[in-house]
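Chain letters run A, B, ... following the sequence lines, proteins first and then strands; every chain starts at 1.
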Amino acid sequence: MPHQAITHLPRAELPANTQALARFLLGKLIIRTLPEGEISGRIVETEAYLVGDAASHAFRGMTVRNRSMFLERGHAYVYLAYGTSFMLNVSSQEAGVGEAVLIRALQPVKGLALMEHHRGTTNLRDLARGPGRLAQALRIDRSLDGADLCGPGEIWLGADEFAGDEVGASARIGITRDADRLLRFYLRGSAFVSGPRALNL
DNA sequence: AGTGCGATTGACT
DNA sequence: GTCAATCGCACTA
């Protein structure tokens, strides 16, 4: 069977609406190109951060840290959480609007050995289940902040035949403000989704 | 300049 | 289930 190259997601295909983008990205691929090889994973869990949302880094406007949230949709916003874990977001909306989608978990697809090396475990389920874990597995840090995920760079979004697995919605994880809004989305039944069982029904 | 607190994780009871 | 690690950032003074 012929090898089918993964195609980049064109920016024009990304929904401008951030909640729609969070759902749209489920099932899509993240491809990380490194000198040692290529890593990829299927997005199985996302969260939306919106304008007027007290839990969002952009709630109080643009700062040095969050300026990538204000880029046109399809750019990376990467920051360090708790001094220990990097978080990968996809900027949403048009330029100047501070909204983004946090990528919370991946189903590992390619580059397993490299991911295992980065993570220090061979447990498949633990390689990219959780935002900090997936960033570590893909060797994502602040140097990728602002990267164009629709371009031919070191990290990009790939299309995938997404059969339309059932999507669940829940409250977002680990936040205290605006905590009741159902802005977390995940593929029902995926073993690679993070979070407590009660939120993954 | 000092302080409090996370969009988390891993180790441990 | 609980809890400390760890550090950049936003906020106060």
Do the side chains of [X] and [Y] get close enough for a salt bridge, i.e. N-O under 4.0 angstrom?
| X | Y | result |
| --- | --- | --- |
| A/R11 | A/D148 | yes |
| A/R139 | A/E154 | no |
| A/R42 | A/D165 | yes |

query = With Watson-Crick and G-U wobble geometry limited to distances under 3.5 Å, how should the secondary structure of DNA chain B be encoded in dot-bracket form, using | for bases paired to another strand and [ ] for crossing pairs?
reply = ||||||.|||||.
Identify, with sequence neighbours excluded, every residue that meets side chain to side chain contact (heavy atoms under 4.5 Å, CB included) alongside [X].
| X | answer |
| --- | --- |
| A/A171 | none |
| A/Q19 | A/N17, A/A48, A/L50, A/L183, A/F185 |
| A/V193 | A/V44, A/E45, A/R184, A/Y186, A/S190, A/N200 |

Residue pair A/S92, A/E99: steps toward the side chain to side chain donor-acceptor pair (under 3.5 Å) verdict = CA-CA 5 Å; A/S92 181; A/E99 299 197 340; 4.9 Å; no
Is there a donor in the side chain of [X] and an acceptor in the side chain of [Y], or the other way round, less than 3.5 Å apart?
| X | Y | result |
| --- | --- | --- |
| A/D141 | A/S143 | yes |
| A/R104 | A/S194 | yes |
| A/D145 | A/S68 | yes |
| A/R119 | A/Q136 | yes |

Using a cut-off of under 3.5 Å, enumerate the N/O to N/O pairs linking the protein to nucleotides 4-7 of chain B.
{"residue": "B/dA7", "atom": "OP1", "partner": "A/H57", "partner atom": "NE2", "Å": "3.2"}
{"residue": "B/dA7", "atom": "O4'", "partner": "A/Y49", "partner atom": "OH", "Å": "3.4"}
{"residue": "B/dA7", "atom": "N9", "partner": "A/Y79", "partner atom": "OH", "Å": "3.2"}
{"residue": "B/dA7", "atom": "N7", "partner": "A/A55", "partner atom": "O", "Å": "3.4"}
{"residue": "B/dA7", "atom": "N7", "partner": "A/H57", "partner atom": "NE2", "Å": "3.4"}
{"residue": "B/dA7", "atom": "N1", "partner": "A/N89", "partner atom": "OD1", "Å": "2.5"}
{"residue": "B/dA7", "atom": "N3", "partner": "A/Y79", "partner atom": "OH", "Å": "3.1"}

Could you write out each protein N or O paired with an N or O of nucleotides 10-13 of chain B at a distance under 3.5 Å?
{"residue": "B/dG10", "atom": "OP1", "partner": "A/R119", "partner atom": "NH1", "Å": "2.8"}
{"residue": "B/dG10", "atom": "OP1", "partner": "A/R119", "partner atom": "NH2", "Å": "3.4"}
{"residue": "B/dG10", "atom": "OP2", "partner": "A/R133", "partner atom": "NE", "Å": "2.8"}
{"residue": "B/dG10", "atom": "OP2", "partner": "A/R133", "partner atom": "NH2", "Å": "3.0"}

Tell me which donor-acceptor pairs under 3.5 Å the side chains of residues 80-89 of chain A have, and how far apart each pair is, sequence neighbours excluded?
{"residue": "A/N89", "atom": "ND2", "partner": "A/Y77", "partner atom": "O", "Å": "3.2"}

request  = Mind running a 4.0 Å heavy-atom check of residues 189-199 of chain A against DNA chain C and sending the residues that fall below it, in number order?
outcome  = none
task = Sequence neighbours left out, what passes ring-ring contact (aromatic ring centres under 6.0 Å, His included) with A/H8? Give chain and number order.
result = A/W156
remark   = Cluster membership besides A/L182, Ile/Leu/Val/Met/Phe/Trp/Tyr side chains within less than 4.5 angstrom, sorted by chain and number, is none
note = Going by chain and number, the hydrophobic cluster around A/V97 (ILVMFWY, side chain to side chain under 4.5 Å) further includes A/V51
query = For DNA chain C, which nucleotides open and close the run of contacts to chain A, 5' to 3', at under 4.0 angstrom from a non-hydrogen atom?
reply = C/dT6 to C/dC11
